[in-house]
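Everything numeric in this text was worked out from a predicted model, so none of it was measured. So you know, we letter chains A, B, ... as the sequences are listed, proteins then strands, and number each from 1.
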Amino acid sequence: MKSEARIAYLFAMPWILGFLTFLLYPVMASFFYSFTDFSVLRPPRFIGLENYKEMVQDEVFWMTIRNTFTYVVAAVPLSATVAIILAMLLNTKVKGLAFYRTLFYVPSLVPMVALGILWLWIFNGEHGLLNMSLEKLGMSKPPNWLGDPAWSKVTLVLIAMWGSGNAMVIYLAGLQDIPQSLYEAADLDGARLVAKTRHVTLPMLSPVILFNVIMGMIGALQVFAVPYVMFPNGAPARSTYFFTTYLFDNAFRFQRMGYASAMGWVLFLITLTLTFVALRLSERQVHYDRS
Amino acid sequence: MKQKKFSLATVHIVLIVLSLIFVSPLLWMVTTAIKPIEETMTATPTLLPSKFLWDNFPKAVTYGSKELGYIPFLLYARNTLMVTLLCVAGSVCSNAVVAYAFARLRWPGRDFFFAVTLATMMVPFPVLMVPTFGLFKWLGWVGSFRPLWVPAFFGSAFSIFLLRQFFRTIPMELSEAAKIDGCSEVRIFTDVLLPLAKPALAVVALFTFMGTWNDFMGPMIYLSDQETFTLSLGLQAYQSQHGGTQWNLLMAAATVVILPVIIVFFFAQKMFIQGIATSGLKG
């Protein structure tokens, strides 16, 4: 028994070291840095709550919060909806499932930078595929997707929806786990598609939905690469300047690593709070199969 | 019965329309990549190019003059591949070993530490960014590839979780039988468990490959010398200097960056789908 424990610690050693070096240390250090004035050139100087006080009055900070929340509130539910609808369509025993699944999944494989560049071209106002198609369909003045602050976030949300193939695969696996007998029972009760979706499919899928929506939310709160590539400096009119972009700029462009650390901790707290709220709100809606 | 046939036909039509929407951006990218430049700028662009300029691919990704700033694709591909392969190797080795300790061995503090490990998945990367950068700066590693691959050798919570779940499905009796035969823990791990865990290890390798190949923020933080850029970073640099002018070449460059990922996916499709499904269902 004692020797088993000794061997076990040896086996676990890479992660024990990794956890201490790449998680515990950075988390604690950034907590400390958040109370300091710190750049690469100067050692950290303790300034108490100054960074947090400044944040409260920093208009750019609040703007990035608004931008990020708007994006999360739109992108997370919409891409979850697309993913669930695609999964339900594929779960109808339709022929060619693997083929369709591949087509829907491939977009989520595209590396972020290539993705951003690709969409710059599709959304291009003059020669882009999208506006060309819209004009063909009779829209005389299609939106200025990239240049109009009212549309830039819509653009990013549409891109997020295009990448819902990854979640679709998960939902599809969840749907395939639902016992067929439940649908047969619903059939006997004369339930139609809408009723079956509401009373069988969604409740049975709810734990998977909850988990994926929370993961999607955590990811969307950190949205960075695609807007960074597509909208330099948060253009147009800073409508795409997001929390993580501002944090990154503070850390590596403005050399304000203390302030960036404080922002990191705020992001951490927002993430924890939203996750907690999601778990609480869903307590009654989520159905856990206790078998 | 008739109604069922009708609705299946509807599903087919909806699926065909949707898949066209999903695929058309990628098709448009490829057709743009082989168009002559004039045809990307006309008022009424055509779906297919008048002539197929396959030349655009080598043009977009070979060493041009410094002013033109074409992407030195082979150099960046080599950089990316090196970092990616190191990460895959590190991730498979370290996570297998660690997950084994969590799944098959008893030691004080195991369950608590495992819960902590899972909780770390909630920590946003931006929180860790500044101190990690400071650490690598202190080590003198900024500007080298080491900050990008060394951490892979120390495990990651997600892969540990994935592999642990897999190891636990293997009956304990197998290990006990091997023990009676006089196998040490190390031998049980290398000779009994590892061969059985190949599919799960492949999933970890695959996810690591994708994650590293696609990583943008890491290289952007640590690499500043153009010679050391990865493909993502090189593509971004090219776009920010020449974006919006030569769309055909830009699309050609994007295509060759995407291509390896798609190829890997087609070879390992089944593994992918299963891996993603388990990672999202057992949470």
| task | Identify which part of A:Ile16 has an atom lying under 4.5 Å from any heavy atom of chain B, answering side chain, backbone, both or neither. | result | both

| note | On a heavy-atom basis, the closest approach of A:Ala114 and B:Ile258 is CB-CG1, 3.6 Å

| Contact winner vs chain B - A:Ile122, A:Leu109, A:Val169, heavy-atom pairs under 4.5 Å | A:Leu109

| If you tally heavy-atom pairs under 4.5 Å against chain A, which of B:Thr120, B:Thr255, B:Val97, B:Ile21 wins? | B:Val97

| remark: In terms of heavy-atom pairs under 4.5 Å with chain A, the winner among B:Leu135, B:Ile160, B:Leu128 is B:Leu128

| Considering only heavy atoms, which portion of A:Met13 lies under 4.5 Å from any heavy atom of chain B: side chain, backbone, both, or neither? | neither

| task | State which residues pass ring pair (Phe, Tyr, Trp, His ring centres under 6.0 Å) with A:Phe123; sequence neighbours excluded, sorted by chain then number. | result | A:Trp119, A:Trp145

| message | What I'd like to find out is whether the side chain of B:Val23 reaches to under 4.5 Å of the side chain of A:Phe104, using heavy atoms alone. | response | no

| task | Look at A:Leu129, A:Thr244, A:Leu247, A:Val229 and state which one has the largest set of heavy-atom pairs under 4.5 Å with chain B. | result | A:Leu129

| task | For chain A, find which of B:Arg104, B:Met210, B:Gln269, B:Arg110 contributes the most heavy-atom pairs closer than 4.5 angstrom. | result | B:Gln269

| note | Greatest number of non-hydrogen atom pairs under 4.5 angstrom with chain B, of A:Leu120, A:Thr271, A:Val106, falls to A:Leu120

| said: Counting only non-hydrogen atoms closer than 4.5 Å, does A:Phe22 touch chain B with its backbone (N, CA, C, O), its side chain (CB onward), both, or neither? | reply: both

| Distance in Å, B:Leu105 CG paired with A:Ile7 CD1, rounded so as to fall on 0.5 Å steps | 7.5 Å

| query | Hey, mind stepping through A:Val110 and B:Val261 against side-chain contact (heavy atoms from CB on, under 4.5 Å) and telling me if it holds? | reply | CA-CA 7 Å; A:Val110 177; B:Val261 187; over 6 Å; no

| remark: Heaviest contributor of heavy-atom pairs below 4.5 Å to chain B, chosen from A:Ala29, A:Ala8, A:Gly264, is A:Ala8

| request: Compare all side-chain heavy atoms of B:Val257 with those of A:Val113 and state whether any distance is below 4.5 angstrom. | output: no

| Is there side-chain contact between B:Pro126 and A:Gln222, with at least one heavy-atom pair below 4.5 Å? | yes

| message | Between B:Val186 and A:Leu10, is there a side-chain heavy-atom distance shorter than 4.5 Å? | response | no

| task | Please name the pair of heavy atoms, one in B:Gln236 and one in A:Tyr228, separated by the smallest distance, quoted to 0.1 Å. | result | NE2-CE2, 3.9 Å

| message | Which heavy atom of B:Pro124 sits nearest to which heavy atom of A:Phe268, and what is that distance? | response | CD-CD1, 3.6 Å

| A:Trp121 (side chain) donor-acceptor with B:Trp247 (main chain) under 3.5 angstrom | no

| remark: Of B:Ser232, B:Ser156, B:Ala99, B:Ser184, the largest count of non-hydrogen pairs under 4.5 angstrom with chain A goes to B:Ser232

| said: Going by the rule ring pair (Phe, Tyr, Trp, His ring centres under 6.0 Å), which residues pair with A:Tyr9 if we only count those two or more places apart in sequence or in a different chain? | reply: B:Trp107

| message | Can you give me the closest heavy-atom contact between B:Trp28 and A:His127, atom names plus distance? | response | CZ2-O, 4.5 Å

| request: Under 4.5 Å heavy-atom distance to chain B, tell me which part of A:Val226 shows up: side chain, backbone, both or neither. | output: neither

| field | Between B:Ser19, B:Ala96, B:Ala157, B:Ala254, the one whose heavy-atom pairs under 4.5 Å with chain A are most numerous | value | B:Ser19

| field | Heavy-atom contact with chain B under 4.5 Å, split by part of A:Ser34 | value | neither

| request: Name the option with the most non-hydrogen atom pairs under 4.5 Å to chain B; the candidates are A:Leu210, A:Leu267, A:Leu90. | output: A:Leu267

| message | Take a 6.0 Å sphere around CE of A:Met28 and say whether it holds more than 12 heavy atoms from other residues, nucleotides or ligands. | response | no

| task | Would you confirm whether the ring centroid of B:Phe102 sits within less than 6.0 angstrom of the ring centroid of A:Phe11? | result | no

| request: Please look at B:Thr40 and chain A and tell me whether the side chain, the backbone, both or neither of the residue comes under 4.5 angstrom of a heavy atom of that chain. | output: both

| said: For B:Pro131, run the side-chain contact (heavy atoms from CB on, under 4.5 Å) check against A:Phe31, A:Tyr33, A:Phe32 and tell me which one passes. | reply: A:Tyr33

| query | Looking at OG of A:Ser3 and CD of B:Glu185, how far apart are the two atoms once the value is rounded to the nearest 0.5 Å? | reply | 8.0 Å

| note | Greatest number of non-hydrogen atom pairs under 4.5 angstrom with chain B, of A:Lys136, A:Glu126, A:Met132, falls to A:Met132

| task | Please flag which part of B:Met251 lies under 4.5 Å from any non-hydrogen atom of chain A: side chain, backbone, both or neither. | result | side chain

| Rounded distance (nearest 0.5 Å) linking atom CE of B:Met29 with atom CG of A:Leu118 | 6.0 Å

| message | Between B:Phe133 and A:Phe252, is the ring centroid distance below 6.0 Å? | response | yes

| field | side-chain contact (heavy atoms from CB on, under 4.5 Å) evaluation trace for A:Leu17 with B:Phe153 | value | CA-CA 10 Å; A:Leu17 293 176; B:Phe153 281 80; over 6 Å; no

| query | For B:Arg106, does its backbone N or O pair with a side-chain atom of A:Glu4 as donor and acceptor, under 3.5 Å? | reply | yes

| Is the number of heavy atoms from other residues, nucleotides or ligands within 6.0 Å of CE (A:Met112) greater than 12? | no

| What is the distance from atom OH of A:Tyr100 to atom CD1 of B:Ile16, rounded to the nearest 0.5 Å? | 4.0 Å

| Test item: side-chain donor near acceptor, A:Trp15 and B:Ser94, under 3.5 Å | no

| Taking every non-hydrogen atom, the tightest pair across A:Ala12 and B:Val98 | O-CG2, 4.2 Å

| Taking all non-hydrogen atoms of both residues, which atom of A:Trp162 and which atom of B:Pro25 are closest, and how far apart? | NE1-CG, 3.8 Å

| request: Could you tell me whether the side chain of A:Phe38 reaches within less than 4.5 Å of the side chain of B:Val130, counting heavy atoms only? | output: yes

| remark: Between the CD1 atom in A:Ile218 and the CE atom in B:Met122, the distance rounded to the nearest 0.5 Å is 4.5 Å

| Between B:Leu26, B:Asn95, B:Thr132, the one whose heavy-atom pairs under 4.5 Å with chain A are most numerous | B:Leu26

| B:Leu233, part contacting chain A, at a heavy-atom distance under 4.5 Å | neither

| note | Cut-off 4.5 Å, heavy atoms of chain B, and the answer for A:Tyr105 is side chain

| Which of these, B:Phe113, B:Phe154, B:Phe114, sits in a ring-ring contact (aromatic ring centres under 6.0 Å, His included) with A:Phe19? | B:Phe113

| field | Part of B:Val14 lying under 4.5 Å from any heavy atom of chain A | value | side chain

| query | Measuring from B:Phe125:CZ to A:Phe224:CZ, what's the distance to the nearest 0.5 Å? | reply | 9.5 Å

